[in-house]
Structures are given as C-alpha cells and as structure tokens.
Number of protein chains: 2
Amino acid sequence: MSCEGETVALLRSGGHRLTPQRQRVASALQHAGGHRTVEELHALIAHEQGAPMPLSTVYRALTTLKELRAVSEIDAGGRSAFAWVDRSRPHHHLVCRGCGTERDLDPALLQRLGDAIRAATGFEAFLDHFAITGQCESCRQGAARA
Amino acid sequence: MSCEGETVALLRSGGHRLTPQRQRVASALQHAGGHRTVEELHALIAHEQGAPMPLSTVYRALTTLKELRAVSEIDAGGRSAFAWVDRSRPHHHLVCRGCGTERDLDPALLQRLGDAIRAATGFEAFLDHFAITGQCESCRQGAARA
DNA sequence: CGTACAATTGCGAATATTCGCGGAGGGAAC
DNA sequence: GTTCCCTCCGCGAATATTCGCAATTGTACG
Ligand SMILES: [Mn+2]
Ligand SMILES: [Mn+2]
Ligand SMILES: [Zn+2]
Ligand SMILES: [Zn+2]
C-alpha cells in the first residue's frame, strides 16, 4: 500500500511533526484495516522490527491522528476501537443492542443528514464513520410479542 | 420532582431489581440535570445523608440504566458524561472541534434520519441524545482563508 | 551542515474504569 | 410473615487511559 505520502501530507498540513512513531501507528492501522483496539495496534507494532513503543505513545499518536481526521474512534458495543478514515468512502454501522448483530448503513443517509445540518446551521458535521445503536427488526418483533 | 415512579417502572420492566443504589443514582442524575460525569454524580450522592456508595457501584448503576435507555452517555469533547433521557423530548449537540463552541441541533433532523433508517432497513435507531462533532461556520471560514 | 528551540517521546506515576468474589438483600412462592 | 434463590453490592485488585517531566529530536533558519 502506498500510504506513507498521505500520512506525511496530513501531518505536515496540520502543523504537526513527522515522527517515526506517528508513521508507524498510522501504517499499522492502514495495513491492518478495519476496527483495531489500542492493544492490537501496540502488538502489531511490537512484532515489527525496530524499537519497541510504549503504549502511551500509541495513545498519543492516535489522538493526534484523530484530530487530523485521519483516524476515527468508534464504540461498537464493547470497548473502543480505531479505524483509518477514507473520506472518499465513508461507511457506518448499525449495531443491535439486543442480539449484537451488526450491519452496514447506506452512507447516503448520513450524508443527507450532514447536508441538512449544513443548510440549517452552517455547521459542517464530520460524519466519516459512525456506529449507531438500536434494535434490529427481528429483536423488535420479539420485544413487541412480549 | 416526581420521578421515582418512572425509575421504578423502568427497572421493573427490564426485569431488573429495584435497589436503593440504582434509585439514588437515577435520582441524582434527574435532579442535577444536564451532562454529569461519574465523579460529579458520586460526589452528589456522597453529600446526601445515607450510606456512602463506592464509585464502582455508580458505574454499574449507570451501565444498567443505559441498557434501559433511561440514561445516555455522551462524549462532548473531553471525557464522557451521562444525562437522563427524556424520550419525549430528544435533543442533540453540535460541537466544533476548532473553537469548542456548542449549539443545539434541531431534533427533527435526527428524527428524519431515524425514519429513513427504519424505512430502508427495518432497524430502529436509538437517537435520543447525540453529540456530533465538526466545524462551525466561523472556524470553517477561518480555515478556508488559510 | 551546524544551532536553537519548541514539539514530542519514554518512562513511571496518577487517574479512570472494569472485574472477581463472597456476602447481602430484592422479590417470588408458599 | 418466612424461606429460598438469584441478582446485585461492597471491596479490593486488575486493567485501561492519561499525565508530568526530563531527555530527545524534528524543523526552521542561517
Ligand atoms: Mn467501520
Ligand atoms: Mn444534552
Ligand atoms: Zn437484534
Ligand atoms: Zn468553531
């Protein structure tokens, strides 16, 4: 994956320094894909060759990358996880509180929300990657019967 | 405020036990209003007369009340806070990542999103109380100039 | 290329949150 | 009202996350 350039440009544009720690965290998350916990990223980085990195540095790198919208933090049910943000391809999750099943949500629906918010208030909502909790259809029917 | 009845009914309906700890946490949050941290609720409860309550019990009571949708957890910028949920009067926040200012969002916009999700997927999204981050109009203009 | 300075890291400690376990007590059944 | 069972609580320990500070190191400048 040729993603180093993207990370470099993002950090520079935000006025942040380009450090190997930030690059390694960004690279680990980009290459691992999906939703990753801090622990997972830390382990992935430890398995590489190179200096070990303390957990606190992973946390700090993720905080910086979140500020730049390069990374999103999501709370899908259990604990929080991080994902690399592809702004050109937003995606979102519907998580059922009853059975825990998860399905994706058409990003156009959230884009419409963002457009409505901007039209009504001038505020630009960052809707890159969301997890919306609720009740799936089958759990709802089960609850209605009871 | 006459809110004990509501809490009692909610706990009973969820098949949970009605304990004084849960009632005290619920009452503290209802009477304090707004967004409250665990620490704040713990302090409010400690200032009452009655047995002191360990912090872990406050956490557990809040977890239970969240499952029942009596309480919502929100992450408005800094750390997480809890609020009592009034399902008949949902409200949401727009938080600017640039300047930190916060304004309310017309709940009708999120209700439309919920309707669209239900129509498209059958999933009922719980959209009682959200904090959406982004960039306010003035910060956006400042960033565009730079 | 060498210097200067502020941003960032590593480390350990502080804080925040969750867990495991034995005992207490809510509530259903007589 | 009494009994019994299973959920829940109090406690302390484990885990997760943040913070303070001295040492390091990107980066702008000459
Ligand atoms: Mn995702
Ligand atoms: Mn609110
Ligand atoms: Zn379900
Ligand atoms: Zn702003």
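Per chain, numbering begins at 1; letters A, B, ... match sequence-line order. Here the structure is a predicted model, which is why all the values come from computation and not from measurement.
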Determine whether more than 12 heavy atoms belonging to other residues, nucleotides or ligands lie under 6.0 Å from atom CZ of B/Arg87. yes
For DNA chain C, what residues of residues 33-40 of chain A have any heavy atom nearer than 4.0 Å? none
Using atom CD of A/Glu73 as one end and atom P of D/dA16 as the other, report the distance to the nearest whole Å. 15 Å
Can you tell me if A/Ser27 uses its side chain to pair, donor with acceptor, with the backbone of A/Gln23 under 3.5 Å? no
Taking only side-chain nitrogens and oxygens of A/Tyr59, does any of them come within less than 4.0 Å of OP1 or OP2 of D/dT17? yes
Once you measure the plane-to-plane angle for A/His91 and A/His129, does it fall in the parallel (<30°), tilted (30-60°) or perpendicular (>60°) bin? tilted
Can you measure B/Arg24 atom CZ to D/dC8 atom P for me and round it to whole angstrom units? 18 Å
A/His16 pairs by side-chain contact (heavy atoms from CB on, under 4.5 Å) with which of A/Leu65, A/Leu10, A/Leu68? A/Leu68
Between B/His16 (NE2) and D/dC6 (P), how many Å, whole number? 17 Å
Nearest-angstrom distance from the residue atom CG of B/Asp75 to P of C/dT17: 11 Å
Report the distance from atom NE2 of A/His42 to atom P of C/dG10, rounded to the nearest whole Å. 10 Å
Could you check whether A/Arg69 makes a cation-pi contact with A/Phe126, meaning its NZ or CZ is under 6.0 Å from the centre of the six-membered ring and within 45° of the ring axis? yes
Are A/Thr57 and C/dT9 close enough that a side-chain N or O sits under 4.0 Å from OP1 or OP2? no
Go through D/dA16, C/dT9, C/dG10 for me and flag the one nearest to the A/Met53 side chain. C/dG10
Does D/dT25 have its OP1 or OP2 closer than 4.0 Å to a side-chain nitrogen or oxygen of A/Gln21? no
Within a strict 4.5 Å, meaning less than it, do heavy atoms of the B/Gln30 and B/Thr7 side chains meet? yes
Hey, does B/Leu55 have a side-chain heavy atom less than 4.5 Å from the side chain of B/Glu39? yes
Any donor-acceptor pair under 3.5 Å linking the side chain of A/His42 with the backbone of A/Val38? no
So, the side chain of B/His93 versus the backbone of B/Ala131: is there a donor-acceptor pair under 3.5 Å, distance only? no
Gap between atoms CG and C1', on B/Leu62 and C/dT18 respectively (whole Å): 14 Å
By nearest nucleotide on DNA chain C, pick out whichever of B/Leu55 and A/Pro52 is the more 5' one. A/Pro52
Scan nucleotides 19-26 of chain C nucleotide by nucleotide, 5' to 3', and note B when protein non-hydrogen atoms come under 4.0 Å of the base, S if they reach only the sugar-phosphate, - if neither. BB----BB
